[in-house]
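What follows is a single structure, written as structure tokens, with notes after it.
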Amino acid sequence: MSDTKEYMPWSPDLGVGLQEIDEQHKILINLINRLFNEAILKQSDRATIDSILNELVQYTIIHFSVEESLFRIFDYPDGDSHHQQHEKLKNEVIKIQNKFRNGATVDLELMQFLRKWLTQHIMIDDKKYTPFFLEKGFKSTWSKQRSWVGKIWDSIYLK
Ligand SMILES: [Fe+2]
């Protein structure tokens with residue numbers, strides 16, 4: 001993963017203030033960077049690009065499920081509208097994957113879309129839940145190093 005060009009660098013602005021969530025967002029950011037690296041810079045074969053897109057779809061679904069579990073646990077009042085937002089974003093990334101499998105290419109325009117797709121969701125929707133979760137007892141320092149979901153993910157994909 002370390003050979004990745006930083007198309008979408010992590011910045012403190014993207015932090016929601018909860019380490020577990022930030023670590024999961026970093027995995028999504030890393031996937032976007034890997035996609036840029038393979039599809040745009042290296043122009044790698046379609047199988048390589050397909051596997052990154054597949055990881056992006058799968059991890060997006062897992063990450064959204066984790067957030068939605070937290071909404072249920074804490075009875076987050078905006079949970080329903082946030083869930084709707086997740087459904088929209090999930091469908092968009094699945095559509096991209098399907099188009100690619102039907103012959104489309106991953107170009108710069110698509111990369112810009114994905115960068116915006118993730119940035120706006122983190123900055124606009126995700127940051128809203130932080131004060132509520134902290135109020136309910138979620139600790140900002142939980143998951144100091146590597147997200148537990150990240151560890152499971154690495155154990156599957158980085159074997
Ligand atoms: Fe979210």
Side-chain angles (χ1 to χ4, degrees), residues 1 4 6-39 49-100 106 108-158:
M1 284 195 194
T4 298
E6 295 287 282
Y7 175 67
M8 181 177 177
W10 169 261
S11 96
D13 285 350
L14 289 167
V16 301
L18 306 170
Q19 286 190 3
E20 171 65 29
I21 301 294
D22 287 344
E23 288 306 317
Q24 293 185 20
H25 285 156
K26 284 177 190 172
I27 292 176
L28 289 169
I29 289 169
N30 185 262
L31 282 165
I32 289 175
N33 283 324
R34 275 169 58 202
L35 187 63
F36 179 80
N37 202 38
E38 296 297 339
I49 297 166
D50 186 72
S51 80
I52 300 171
L53 276 176
N54 191 49
E55 258 191 83
L56 183 63
V57 168
Q58 297 307 320
Y59 193 77
T60 297
I61 293 169
I62 288 172
H63 168 62
F64 286 173
S65 303
V66 170
E67 283 191 355
E68 286 159 21
S69 299
L70 292 170
F71 300 159
R72 272 193 292 278
I73 291 165
F74 294 123
D75 202 14
Y76 179 53
D78 289 335
D80 282 349
S81 65
H82 199 130
H83 174 74
Q84 295 302 316
Q85 200 54 32
H86 282 171
E87 287 299 299
K88 180 175 165 269
L89 295 169
K90 188 176 81 184
N91 289 334
E92 283 169 346
V93 78
I94 288 171
K95 200 170 152 193
I96 288 168
Q97 182 186 37
N98 288 336
K99 276 188 175 174
F100 182 79
V106 172
L108 207 49
E109 195 182 336
L110 180 65
M111 291 309 310
Q112 283 162 353
F113 174 86
L114 283 172
R115 184 165 60 179
K116 200 171 156 196
W117 170 88
L118 183 57
T119 306
Q120 288 196 336
H121 183 62
I122 294 173
M123 304 289 279
I124 298 168
D125 300 303
D126 288 346
K127 282 189 176 186
K128 283 185 194 156
Y129 57 56
T130 304
F132 185 82
F133 285 1
L134 291 173
E135 174 78 29
K136 290 278 183 174
F138 194 103
K139 299 283 179 279
S140 63
T141 52
W142 278 349
S143 168
K144 261 209 175 319
Q145 285 131 28
R146 190 77 171 90
S147 147
W148 56 268
V149 174
K151 284 180 186 152
I152 294 168
W153 195 255
D154 287 351
S155 77
I156 296 168
Y157 280 94
L158 300 180

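Indexing begins at 1, ligand by ligand and atom by atom, following the structure's order. All values reported here derive from a predicted model rather than from experimental measurement.
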Original post:
Counting backbone and side chain alike, does Asp125 bring an N/O/S atom below 2.8 Å of the Fe ion (ligand 1)?
Top reply: no
Subject >> Opening angle between OE1 in Glu67 and NE2 in His121, taken at the Fe ion (ligand 1), to 10 degrees >> reply: 170°
**OP:** Flag the pair Phe71 / His83 as yes when their ring centroid distance falls below 6.0 Å, and as no otherwise.
**Re:** no
Subject >> Shortest-distance N/O/S atom, Asp126 versus the Fe ion (ligand 1) >> reply: OD1
**OP:** For the residue pair Phe138 and Phe74, categorise the inter-ring angle as parallel (less than 30°), tilted (30 to 60°) or perpendicular (more than 60°).
**Re:** perpendicular
Original post:
Within the stated cut-off of 2.8 Å, is an N/O/S atom of His63 closer than that to the Fe ion (ligand 1)?
Top reply: no
Original post:
If you count the non-hydrogen atoms of other residues, nucleotides and ligands that lie under 6.0 Å from CG in Asp80, is the total more than 12?
Top reply: no
Original post:
Does anything in residues 119-137 pair up under salt bridge (charged side-chain N to carboxylate O under 4.0 Å, His left out), and if so which pairs, sequence neighbours excluded?
Top reply: none
